[in-house]
Each structure stands twice: as C-alpha cells, then as structure tokens.
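To start, the structure itself, in structure tokens.
Because only heavy atoms are used, hydrogens play no part in the values below, and waters and symmetry mates are left out as well, while side chains stay in. Lettering of chains follows the sequences in order, A, B, ..., and the numbering in each one begins at 1. Given the structure is predicted, the values throughout are model-derived calculations rather than measurements.
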Amino acid sequence: MTLLEVYGILYVMKFDKSLIATLREDPKEAESKSHRILLRGGFIKQIAAGVHIYLPLGWRILMKISNIIREEHDRIGAQELLMPAISPKEIWEESGRWKEYGDDMFRFKDRKDRDYCLCPTHEEIITEIARKRIRSYRDLPQIWYQIQMKFRDEKRPRYGVIRSRQFIMKDSYSLDRDEQGLDKSFNLHKEAYTKIFQRCGLDFEIVDAAGGLMGTGESKEFVARGEGGEATVIACKNCNYRANLEVAEGRGRFAEFEDSQVTDVHTPDKRSVEEVSGFLNVTPQNLVKSIFFTAVEKKPILILLRGDYDINEDIIKNRFGFSYETATPDEIIKYFGAEPGFIGPVGKDDIDIYVDELLKGARGMITGANKNNYHIRGLNLERDIKVKDYLNLRKVKSGDKCIKCQGELELYNGLELGHIFKLGTRYSEILGATFLDENGVEKPIVMGSYGIGLERIMAWACEQKGDEHGAVWPISITPYDIYVIVLNPLNKEIANAADDINQALTKGGFSIIIDDRDISAGIKFNDSELLGIPIRLTIGPKGMKSNKFDISLRETKEVFEVNKNLIADKCLELKDILYRRLNE
RNA sequence: CGGGGCGUGGCGCAGUGGUUUAGCGCGCAUGGUUCGGGACCAUGAGGUCGUGGGUUCAAAUCCCACCGCCCCGACCA
C-alpha cells in the first residue's frame, strides 16, 4: 500500500454517512443569495443572531481559504502565530479603546471579578508582544499574522455570515522603523491580498478607503462586486480611480442662478429639499441645505451643501473629529430659533460655517430663513455670509466627474473582503512599543494592520458564482473536487464499477463525495448542484452498457463521456482547466 | 436604538376562543414496488403551539409583559 492509498481514504466522504444536511426548501431566515445557498447546502447553521456553526462542508471551504492565505503570507515573509481570543481590560484602557469600542465589545468578568473582553481585533495584543520583544532597529522589520476568531457585538448582524458577531479573520501586523519600511510592508500585503483573492476566484478591485476607528492613515479596501454587499464604490469609467463612497471625491457641475436681493418667501410646512423645490417650482440645485453638527466640548459647525447633494459624514468626522454628530431638533432651535427644515446661514456669523466647494460663488440661492415656515431667496454666498472655508464635503453622485482625469464616475455595490491600513505610530506611542535606532535614539515602531474576512470569501464566492441551483465553488476552495453519483446502487455490477472508479480517483489524489444513497436520481443530481462541487461523475446503467461514464462541470454544464479506465486522467485534466479558468 | 414582520414535530406552513387524540406537505423509521433529474403503496414514530402572567366553564387562538429571529433604517474594521 502506498502512502497515497493510506491517506487517500481521508479524501472520501460517503454522503449517507456525512453530516451534510441539505434543505429541500429555502430556510425562511435567509434572504440574500449567499446566505440562502450556505444554509440550504448545509455549509453553515445559525445558532444565534450573527453566530454560526461551520458544518463540515463549510469548514472544509474555510480551511482551503486559510491555506491559500497562509501560503501567500508565508511567501511575503510573514510569521504565523495565534493570539488569545480573550484579553484583560487593562491593555485596552491603555490604548483608550476600552471606552472607544463601546457596546460593540463583548465584555465579561472572571471569577475574581476582573474585567475581560472577547477581542474585537488585536492591535493591542500585537503591540504588547512588540514592546516586550523588539529592542533594536536590527529586529525590524517584522510581519506577524494569525487566523483567529474575532468578536464584535454588532448592532445589527445581517446577511448570515457577512456581518456576524463572531467571525474568522486573518489579521496581520507589520512593524517597521520608518514610513519607508511601512510603505514596503503595505505594498507586500497589497500584492499578497491580490494573489489571495485571485486564487479564490473572485472579481475584486482595490479602492481607497477610510480608516474609521483604526486611524486616518492611508488605507485600501479589497472590494468584490455584488448586490447585497455593504460597500458602495465610486469608479471612474476612464481611469483607475476607485474609492469607497465614504472617502470618494468627485467634481460636480457649478449651477448658476440670477443674482438678486435677499427676500423672505412663505413656505408653510415645507422642510425638505424636495418639498421646498417642488413648492417653489425650482430645481433642487437652487437650494442650499444647512446641516448643523455639534460635539461635546467642541465648537458647533454649520455645513452648507447644494440641495442635489448629500453630505458625506465620514469626511466631516475625519476632518473635524469623530465626536461630531448631527444636532438634535432641540439644539437646532436653541441656536437658530427655528425648527429643522427652516434654518440657514444668514446672520449666523458667530458659528463656523463650512461650505461645500460646489457652492463657491453661488448666487440667487434659496435657503432657510431661521424663521418657521419661511425660506429666503437671493442668497449670494460671498455677499451675505461669512464662510470659514470651502471644502469638498458632499457624497459623490453617479455622473460626477473624476478628480484625476475628468472621466465620468459610476457607482457600484460590493463587499469589503479585506482592508489594509497604515497605522503609523498611534498604538506604539500610546503603548510604548519602541526601538533604538543606529544612533541610539528611542523611536516608536511604525505599524500597519491588515485584515481579511474568511467567511466573506466563502459567502461571496456564492454570491458571484452561485446560480438558481446552488453554489458553484471555485476549484481552489471547493470542499471536494468530485461528486460521484451512483445511480441504482443496489445493483451489484454498478456498485462494483463505482468501487473501481472511486479507488482510481482516490489514487489520483482527488477528494470525493460518493452519493450512493438509495433514493431517486433527481435528488442526487439536485444535491450535487446545490453543493456546488465543480466536477460531477455519474455512474449508472447507461454507462455500464457502453463502459463510458458522464463527467460534467458544474459551472459550464459541459458534459464529457469518458471511458471507465480514463476517468481519473480526465478529471485531472478538468481540474487543471478549472484552475486555469479561475481568473478569466 | 426607531419602523415593519414572524415564532405551531427536523424543515416549510395551515389553524386566530368550543369535534374531546392540534393538522398538511416534505423529511424520518419499517416492509414492498421503483431507479439517468426532487417516484409510489402500506404501516409507524415524533409537538412544553417562544416564555411567564392574566381573562374564561374552556386559550395555539383574547389581554399584558418579556425573550428570540428576520427585513428596512441608524450605526459599524
């Protein structure tokens, strides 16, 4: 017996002895395509909102994904380790995130009444390792990574495994002596990520992104196109500008209106842009929206935007501080003496007014009069109000022009599969992770942080490749290579032929599911499609007569009639073809 | 956290005060006939009707509270 024969047996799964539980009907809790397929195929099972069991089929997929990730990280010189899933409060208090994370953090106490959390991410822990271990510039650079459960008590888990409260993340951290080193580590990750998602057979793009809680350094998201994703990407049709809507900038068209004196106009109960423009019979472009932001212990700010654009709150928060929130109706009445919908900038020189650049030089505009049920006409921004600064504050719209090349911008939906950040020295400074350079000067380590959501890769392969019959796994992450259907398995001849073929396939190194359940053929065919195994082999009476058996491909439905003794060879060839087709 | 929906055998659902043993389809078990696209016959097992309280002679059904799940929004590496 060869080694392959010994170990080969591990690659065989008999359907009727497996923990595979396909559902005949769509589970009612699932609406999105990927969620439906994963539940129906028995890849996952939900046990609470945003908490899932990964059943054997799903787990095999995740293991395949982990291996790809592992290989590509090892290739860039990263070292795998495993950090704890729980950690004590103190280190999070040091970084300030015990507070900052708020209710999104799962917290608990041990028997001695000490506070702990389930780690939502691991910057603090990695920095703890770094500050103990890294002494000298000679110890740098380093890239450390792990594949680990993360816990976040999301306000609203949804779409099954896509936004869940417990999920598997590959997170890596780079440690460098300076910005140049960080650039290099950042780019290594960018390349590794590109290879990983390509190998997983997904269509994706690299887009500019916002840092959020992680900081304000450069960051890129790897976004895969698809409905039901949570990211909106702005893409230039002409050049390679790609950005998450959160940070996207575009050029809008200036709108001109006739200059005039400021006059009040009665607008009873008309508050929104739509209501006012409809009532006065003008285009929304003629309106100026006033949005009032307040923050504790900070000066309130008034933002002006043209009526046909929405505000980009992420820009506001990144620029002015994360504590800024849109003011409450009470605050608005207090500062403006009018209800929301009727406020405006005129006569508010005591408040800092920031204006979207598209309004620079605008005249003849309509805005709130700071008097209930009244607006004003004839606003001339330069003449009538004191502007603190003109900034790009609006959300890009489809049809805006690219800031790089003037090409037209379009929007699409997608899912963030991975995110790479330049953290800089934010954590190393607070937590005291430093090294001595060649001059003996103590410096903070320059860090980067990089994440990939494993389940999202699994779910998005369903979303992008799956069809009305079920999953279509890319060959690289499929739980099994071949689905062997044995029709009429009680027939001795057929059963014997199936044994021969399965042995040949096992020797060939394939992982296979054997479906020799004594049930009608349709169920087996349908299950093979639902499970999305890329290659299907059918052993039945028809093949017994001609000694030729059908091999078909899940994705293209191509069918090949293959002589019994050539089956393993053909499968090898097809597997090869499937690998080559991955990124076509 | 706001809005909407749902909770009845493993799954999908019906039943919305009064046939005492709560139904139907699928699945499951046993026997038999079938066997290249979700077959058929027969027999059978399986249910705290989300939880607690209340109204009533009588509650899956009406009332109150709570819990859980899904969807939209707010929010979010």
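- Contacts of residues 535-546 of chain A with RNA chain B (heavy atom under 4.0 Å): A:Arg536, A:Thr538, A:Gly540, A:Pro541, A:Lys542, A:Gly543.
- If A:Asn488 and A:Asp104 are placed on RNA chain B by their nearest nucleotide, the residue sitting closer to the 5' end is A:Asn488.
- A:Glu25 comes within 4.0 angstrom of a base, heavy atoms only.
- One finds the CG atom of A:Leu530 at 6.5 Å from the CZ atom of A:Phe43 (value rounded to the nearest 0.5 Å).
- Comparing the same atom, P, in B:A22 and in B:A39 gives a spacing of 31 Å after rounding to whole Å.
- As judged by a 4.0 angstrom heavy-atom cut-off over every strand, A:Ala21 is placed among residues making no nucleic acid contact.
- Here the side chains of A:Lys170 and A:Ile147 are in contact, with some heavy-atom distance below 4.5 Å.
- Considering NZ of A:Lys155 and CZ of A:Arg163, their distance stands at 11.0 Å, rounded to 0.5 Å.
- In this structure, A:Glu429 has no salt bridge (Lys or Arg N to Asp or Glu O under 4.0 Å) partners at least two apart in sequence or on a different chain.
- A side chain to side chain donor-acceptor pair (under 3.5 Å) with A:Glu529 is found for exactly one of A:Arg554, A:Arg536, A:Lys524, A:Lys557, namely A:Arg536.
- Straight-line distance from the CD atom of A:Glu29 to the C1' atom of B:C69: 8 Å, rounded to whole Å.
- Here the C1' atom of nucleotide B:C35 and the CZ atom of A:Phe525 are 11 Å apart, to the nearest Å.
- Nucleotides B:G10 and B:U48 have their P atoms positioned 8 Å apart, rounded to a whole Å.
- OP1 or OP2 of B:C72 lies within a sub-4.0 Å distance of a side-chain N or O belonging to A:Tyr159.
- The distance between atom CZ of A:Arg156 and atom P of B:C76, rounded to the nearest whole Å, is 15 Å.
- We find that NZ of A:Lys524 is positioned 12 Å from P of B:A39, with the value rounded to whole Å.
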Given the rule that a pair is Watson-Crick or G-U wobble with both distances under 3.5 Å, how would you write RNA chain B in dot-bracket, using | for pairs to a different strand? (((((((..((((....[....)))).((((((.....)))))).....(((((..]....))))))))))))....

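- In this structure, A:Lys397 is positioned above the aromatic face of A:Tyr309, its NZ or CZ under 6.0 Å from the six-membered ring centre and within 45° of the axis.
- If you measure from atom CZ of A:Phe15 to atom P of B:G27, you get 14 Å, rounded to the nearest angstrom.
- At the heavy-atom level, A:Leu23 lies nowhere under 4.0 Å from the strands shown.
- For A:Asp518, the side-chain atoms get nearest to B:C35 when compared with the rest of B:C35, B:C69, B:G7.
- Residue A:Arg158 places at least one side-chain N or O closer than 4.0 Å to OP1 or OP2 of B:C72.
- For the pair A:Asp527 CG and B:C11 P, the interatomic distance rounds to 18 Å; values are reported in whole Å.
- Comparing A:Lys155 and A:Gly522 against RNA chain B, the residue whose closest nucleotide sits nearer the 5' end is A:Gly522.
- Listed by residue number, the members of residues 160-175 of chain A with any heavy atom below 4.0 angstrom from RNA chain B are A:Arg163, A:Phe167, A:Met169.
- Taking atom CD of residue A:Glu230 and atom P of nucleotide B:C76, one finds them 12 Å apart after rounding to whole Å.
- The two residues A:Leu39 and A:Glu29 come nearest to each other via the heavy atoms CD1-OE2, 3.9 Å.
- At a cut-off of 3.5 angstrom, counting only N and O atoms as typed in the model, there is a donor on one side and an acceptor on the other between the side-chain of A:Glu529 and the base of B:G37.
- Of the C1' atoms belonging to B:C62 and B:A58, the separation is 13 Å, rounded to the nearest Å.
- A:Lys542 has its side chain within reach of A:Asp550: a pair of non-hydrogen atoms, C-beta onward, lies under 4.5 Å apart.
- Checked against side chain to side chain donor-acceptor pair (under 3.5 Å), A:Lys220 has the following partners two or more places apart in sequence or in another chain: A:Asp208.
- On a pure distance criterion of 3.5 Å, a polar donor-acceptor pair joins the side chain of A:Asp550 and the base of B:G36.
- One interatomic measurement links the two molecules: CD of A:Glu154 to P of B:C76, which rounds to 11 Å at whole-angstrom precision.
- Across all strands shown, A:Gln46 has heavy atoms under 4.0 Å from sugar-phosphate atoms exclusively, and none from any base.
- Comparing the same atom, C1', in B:U55 and in B:G12 gives a spacing of 34 Å after rounding to whole Å.
- At a cut-off of 3.5 angstrom, the base of B:G27 holds no donor-acceptor pair with the side chain of A:Arg517.
- Side chains of A:His189 and A:Ser172: a donor-acceptor N/O pair is present below 3.5 angstrom, by distance only.
- The shortest side-chain heavy-atom distance between A:Glu123 and A:Ser95 does not fall under the 4.5 Å cut-off.
- The side chain to side chain donor-acceptor pair (under 3.5 Å) pairs that include a residue from residues 15-27 of chain A are A:Thr22-A:Asp527, where partners are two or more places apart or lie in different chains.
- Classified by interplanar angle (parallel below 30°, tilted 30° to 60°, perpendicular above 60°), the ring pair A:Tyr101/A:Trp92 is perpendicular.
- Rounded to the nearest 0.5 Å, atoms CG (A:Asn502) and CD1 (A:Ile539) are 5.5 Å apart.
- Separation of the C1' atoms belonging to B:A45 and B:G50 is 25 Å when rounded to the nearest angstrom.
- Taking 4.0 angstrom as the limit, A:Arg24 places none of its side-chain polar atoms (N or O) nearer than this to OP1 or OP2 of B:C11.
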